[in-house]
Amino acid sequence: MSKLLDSIMSGLQAEIEAAQRDIDADDHDSFPTHRQILDVYAFLTHWFVMAADKAGSKSSEEVIVASKPKRGKGATKSSRKAASNRDAETFTWTEQIIPTLALVGRLLRIKSHRIWLSTAERDTFINCVTQPVYHVMENEALMKIEDIRGEAYKVICLAVKNHGHAFGAQTSMIQCLQYFEHLAEPIAEILTLLKDQFDHTQLAEGILREISNKTFNAQDSKGPRSFSRFLIRLTDLSPLLVRKQLSLLLAHIDSESYPMRMALIEIVGALIKDIAMEEETQVDANKKESRINAL
């Protein structure tokens, strides 16, 4: 699999460079060719990430089984499988994730609106490129690796800022919060990175509005716990973002879900603390007091 990945990545890198040259030269005649080639590489990258992740999980299970010695007819077959697993062990997907995501980030620096004139076609391409990133993020062990987190954050931010991926990202992030509790803090960190380094707050505002319209019941514990952790973390990182949408989020103060009620209380407390710590030069005392009283 290592040789296959090298082929895909080297071909994609060469195509990125060629496409960038033709975009800079304003060579419109070459755009249809680049569009077709980049679509193919987006699919291959998507396919390889899924296959590598599946193969990594499968090989780990088979190595455990193969480590148990067998006798009789199954012995030869078992030894062949063990040899195959030794060959597979030479490829470690975890070590390849960072350079793969870095190249995807480089791909997202090209001006996609010049190559894909149709919004629908461009959205399909961007979704194909970013879907492997969300797939990597679903793995809790991988998200504990700081460099992988950084590259994943960068890819999503570039897609949102430069390629109109805000709607697709909002859908994916809401689903991640619903099903993957470990992504509560990382998603808050992505939205903060978008605000601080890419001057983009619309995605965060859209997600907060969507959360304010959700209904959580007392029987559902996983979903509310994940959303509450996300809101608390986002308040810590970007209190002003949450403060602007607080009037909508306060609908959950009467929610059936205990984690959501407690989260809103903690959020209000954090916002009061944030306002109280503002310097007098930034806001006069009377205005500060009125903000605190409003909360």
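Hydrogens, waters and symmetry mates are skipped; everything else that's a heavy atom, side chains included, is used.
Within the 4.5 Å cutoff, side-chain heavy atoms of Arg109 are placed close to those of Leu158. In this structure the side chain of Glu189 reaches within 4.5 angstrom of the side chain of Arg233, judged on heavy atoms. Within the 4.5 Å cutoff, the side chain of Ser238 has no heavy atoms near those of the Leu191 side chain. Between Leu203 and Ile190, the closest side-chain pair of non-hydrogen atoms is not below 4.5 Å. Counting heavy atoms from C-beta outward, Ile8 and Leu4 have side chains that approach closer than 4.5 Å. Side-chain contact check for His46 versus His135: every heavy-atom pair is 4.5 Å or farther apart. A heavy-atom distance below 4.5 Å is not found between the side chains of Val160 and Phe198. Lys214 is listed as a side-chain neighbour of Gln178, based on a closest heavy-atom distance under 4.5 Å.
In this structure, Ser10 OG and Leu5 CG are separated by 9.0 Å, a value rounded to the nearest 0.5 Å. Distance CD1/Ile37 to OH/Tyr41: 7.5 Å, rounded to 0.5 Å. In this structure, the separation between CD1 on Ile267 and CZ on Arg243 is 13.5 Å, given to the nearest 0.5 Å. A distance of 12.0 Å separates CD of Glu17 from CD1 of Ile110, quoted to the nearest 0.5 Å. Of the inter-residue distances, the one linking Asp6 atom CG with Gln96 atom CD reads 7.0 Å to the nearest 0.5 angstrom. Atoms NE2 and OG, on His113 and Ser118 in that order, are 14.5 Å from each other to the nearest 0.5 Å.
Taking each heavy atom of Pro239 and Leu271 in turn, the nearest pair found is O-CD2, 3.5 Å. Across Ile148 and Leu101, no two heavy atoms sit closer than the pair O-CD1, 4.1 Å. Among all heavy-atom pairs drawn from Val104 and Thr45, the shortest one is CG2-CG2, 4.3 Å. The minimum heavy-atom distance between Ser226 and Glu181, with the atom names listed, is OG-CA, 3.8 Å. Of all heavy-atom pairs between Arg261 and Asp254, the closest is CD-C, 4.5 Å. Closest heavy-atom contact between Met137 and Ala152: CG-CB, 4.2 Å.
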Checklist entry - Going through the checks in order, is the ring pair (Phe, Tyr, Trp, His ring centres under 6.0 Å) test met by His28 and Phe31? => result CA-CA 5 Å; His28 292 271; Phe31 291 172; 5.2 Å; yes
Item to check | Chi angles and distances behind the side-chain contact (heavy atoms from CB on, under 4.5 Å) call for Phe167, Asp123 | outcome: CA-CA 10 Å; Phe167 178 77; Asp123 288 346; over 6 Å; no
Item to check | Pair Met260-Leu231, side-chain contact (heavy atoms from CB on, under 4.5 Å): steps then yes or no | outcome: CA-CA 9 Å; Met260 289 302 294; Leu231 291 173; 3.9 Å; yes
Next on the checklist: Leu183 vs Leu177, test: side-chain contact (heavy atoms from CB on, under 4.5 Å). Steps then yes/no.
Outcome noted: CA-CA 6 Å; Leu183 290 180; Leu177 289 172; 5.5 Å; no
Item to check | Intermediate values then yes/no, side chain to side chain donor-acceptor pair (under 3.5 Å), Gln131 and Asn127 | outcome: CA-CA 6 Å; Gln131 193 58 42; Asn127 287 334; over 6 Å; no
Item to check | Worked verdict on Thr100 versus Trp93 for side-chain contact (heavy atoms from CB on, under 4.5 Å) | outcome: CA-CA 10 Å; Thr100 300; Trp93 169 231; 4.0 Å; yes
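In this structure, the side chain of Ser255 does not engage the main chain of Ala251 through any donor-acceptor pair within 3.5 Å. In this structure, Arg122 contributes its side chain and Leu117 its backbone to no donor-acceptor pair below 3.5 Å. For Ser228 (side chain) and Arg225 (main-chain N/O), a donor-acceptor pair under 3.5 Å exists by modelled atom type. Of the possible polar contacts, one joining the Arg35 side chain to the Ile115 backbone as a donor-acceptor pair under 3.5 Å is found.
In terms of the ring pair (Phe, Tyr, Trp, His ring centres under 6.0 Å) criterion, His182 has no residue partners (sequence neighbours excluded). With sequence neighbours excluded, the residues satisfying ring pair (Phe, Tyr, Trp, His ring centres under 6.0 Å) with Phe216 are Phe227, His252.
When hydrophobic clusters are built by joining Ile, Leu, Val, Met, Phe, Trp and Tyr residues whose side-chain heavy atoms come closer than 4.5 Å, directly or via intermediates, Tyr153 is not grouped with Leu237. Taken together through direct or relayed side-chain contacts under 4.5 Å among Ile, Leu, Val, Met, Phe, Trp and Tyr, Ile156 and Met50 form parts of separate hydrophobic clusters. Under the 4.5 Å side-chain heavy-atom criterion for grouping Ile, Leu, Val, Met, Phe, Trp and Tyr, Phe43 is connected to Leu103 within one hydrophobic cluster.
Between Glu205 and Lys195 there is no salt bridge, since none of the side-chain N atoms of the basic residue sits less than 4.0 Å from a carboxylate O of the acidic one. At a threshold of 4.0 Å, the pair Asp26-Arg114 counts as salt-bridged, since one of the basic side-chain nitrogens sits closer than that to a carboxylate oxygen.
Each of Lys154, His163, Lys161, His165 was scored for a side-chain contact (heavy atoms from CB on, under 4.5 Å) with Leu108, with one residue passing: His163.
Around CG of Asp199, the count of heavy atoms belonging to other residues, nucleotides or ligands within 6.0 Å does not exceed 12.
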